[in-house]
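In what follows, a structure is listed as structure tokens, so that the remarks can point back to it.
Owing to the predicted nature of the structure, the values given are computational and were not obtained by experimental measurement. One is the number of the first residue; the rest follow in order along the sequence.
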Amino acid sequence: MTKIDIEKELNGQGDYVQIDNITRFIKENPPIDIKRFVYLKLTGIYERRNMFADAAEVYIRLIEISLVEKDKVNYLTKATECYIKAGFLDKADITLKKALSEASVMERGKISIAIKEFYKNQAQLYEREKRRNKAVQTYEKMLSMNYSDFEKKDINQKLLTLYKELGMVDQYMVLNKRVNG
């Protein structure tokens, strides 16, 4: 099948039917360029449906068939973002380390900044959505990263507010003592 044939086959179908058809097509072991095309289609569907863990796994599979280093780094970075969105922060760490090891020196800085910004945006999104436990997990993770002292102070203030809202008295007391002396 060509890319056009695949597009025709998937056109007008629901997302879950497309996922099923793509999964069956991949099992037929198509050529690498077609497999890459189909995997990218699949990641688009997964991300649109907020199935971020599945999207991350597909990005990992894309790395295995990529020949260009830049593509590998890009897919690793996207997988990291998807793992963060899915709340799998440990897997995000592992994937980020792989991305940084594959990247050039210049790319490493850009990736680190992008991921730090992504964590920040994700934590703020959790706050807006009133998903306080997820926000706490994300902010606590951010404290272990190399943010500036000013940024860490801001993160600590947000954590204090969240701890108070969630009734996490012990954590609030420990952090308040550490921050405010």
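In this structure a side-chain-to-backbone donor-acceptor pair under 3.5 Å is present from Asn156 to Lys152. With hydrogens and angles ignored, the 3.5 Å screen pairs no side-chain donor or acceptor of Lys164 with any backbone N or O of Tyr172.
Pairing each heavy atom of Leu89 with each of Ile84, the nearest pair is CD2-CA, 4.2 Å. What you find for Gly87 and Lys134 is that their closest heavy atoms are CA-NZ, 3.9 Å. Closest approach of Ala79 and Ala56 over heavy atoms only: O-CB, 3.7 Å. When all heavy atoms of Ser66 and Lys72 are compared, the closest pair comes out as O-CE, 3.1 Å. When all heavy atoms of Tyr16 and Arg49 are compared, the closest pair comes out as CE1-NH2, 3.2 Å. Closest approach of Leu162 to Ala135, counting heavy atoms only: CD1-CB, 3.8 Å.
Side-chain contact between Glu151 and Met142: absent, with no pair of heavy atoms (C-beta onward) separated by less than 4.5 Å. You'll find the side chain of Ile60 reaches within 4.5 Å of the side chain of Thr95, heavy atoms only. Residues Leu175 and Arg178 are in side-chain contact: their nearest non-hydrogen atoms beyond the backbone lie under 4.5 Å apart. Thr80 is not listed as a side-chain neighbour of Ile111, based on a closest heavy-atom distance of 4.5 Å or more. At a threshold of 4.5 Å between non-hydrogen side-chain atoms, the residues Val179 and Gln157 count as touching.
In this model, a donor atom of one side chain and an acceptor atom of the other lie less than 3.5 Å apart for Glu57 and Tyr83. Side-chain N/O atoms of Tyr75 and Glu102 include no donor and acceptor closer than 3.5 Å. In this model, no donor atom of one side chain and acceptor atom of the other lie less than 3.5 Å apart for Thr77 and Asn74.
The only option from Arg36, Lys35, Lys41 that meets the side-chain contact (heavy atoms from CB on, under 4.5 Å) definition with Tyr39 turns out to be Lys35.
Residue Phe37 qualifies as enclosed at atom CZ: its count of foreign heavy atoms under 6.0 Å is above 12. Residue Lys120 qualifies as open at atom NZ: its count of foreign heavy atoms under 6.0 Å is 12 or below. The environment of CG in Asp149 is sparse: at most 12 heavy-atom neighbours from other residues, nucleotides or ligands sit within 6.0 Å.
With rounding to the nearest 0.5 angstrom, the CD atom of Gln122 is 7.5 Å from the CZ atom of Arg131. The line from CG of Asp15 to CE of Met51 is 9.0 Å long, rounded to the nearest 0.5 Å. With rounding to the nearest 0.5 angstrom, the OG1 atom of Thr138 is 10.5 Å from the CG atom of Asn133. Here the CD-CG distance, from Glu47 to Leu42, works out to 10.5 Å after rounding to the nearest 0.5 Å. Atom OH in Tyr163 sits 12.0 Å away from atom OH in Tyr139 (nearest 0.5 Å). A distance of 12.5 Å separates SG in Cys82 from NZ in Lys91, rounded to the nearest 0.5 Å.
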**Message:** For a side chain to side chain contact (heavy atoms under 4.5 Å, CB included) check, start with the C-alpha distance between Ile65 and Arg61, then their side-chain angles and the critical distance, and finish with the verdict.
**Reply:** CA-CA 7 Å; Ile65 63 172; Arg61 284 189 228 135; over 6 Å; no

**Full working for side chain to side chain contact (heavy atoms under 4.5 Å, CB included) between Gln124 and Lys158** = CA-CA 10 Å; Gln124 291 170 350; Lys158 290 181 182 197; 3.7 Å; yes

**Message:** For Ile6 and Glu9: C-alpha separation, side-chain torsions, deciding distance, then whether side chain to side chain contact (heavy atoms under 4.5 Å, CB included) applies.
**Reply:** CA-CA 5 Å; Ile6 294 168; Glu9 177 78 25; 5.5 Å; no

**Request:** Dump the intermediate steps for side chain to side chain contact (heavy atoms under 4.5 Å, CB included) on Thr23 and Ile19, then the final yes or no.
**Result:** CA-CA 6 Å; Thr23 305; Ile19 290 169; 4.0 Å; yes

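Note: the hydrophobic cluster containing Ile63 also contains Leu40 (ILVMFWY, side chain heavy atoms under 4.5 Å, direct or indirect links). The hydrophobic clustering, which links ILVMFWY residues whose side-chain heavy atoms are closer than 4.5 Å, places Leu166 and Met173 together. Residues Leu76 and Ile115 fall into different hydrophobic clusters, defined by Ile, Leu, Val, Met, Phe, Trp and Tyr side chains chained together at heavy-atom separations under 4.5 Å. Both Leu143 and Leu96 are members of a single hydrophobic cluster when ILVMFWY side chains are connected at heavy-atom separations under 4.5 Å. In the hydrophobic clustering of ILVMFWY residues, with side-chain heavy atoms under 4.5 Å counting as a link, Tyr126 and Ile155 come out apart.
Among residues two or more places apart in sequence or in another chain, the salt bridge (Lys or Arg N to Asp or Glu O under 4.0 Å) test is passed with Lys141 by Asp93. With sequence neighbours left out, the salt bridge (Lys or Arg N to Asp or Glu O under 4.0 Å) criterion links Glu165 to Arg132. Residues passing the side-chain hydrogen bond (donor to acceptor under 3.5 Å, both in side chains) test with Ser101: none are found, sequence neighbours excluded.
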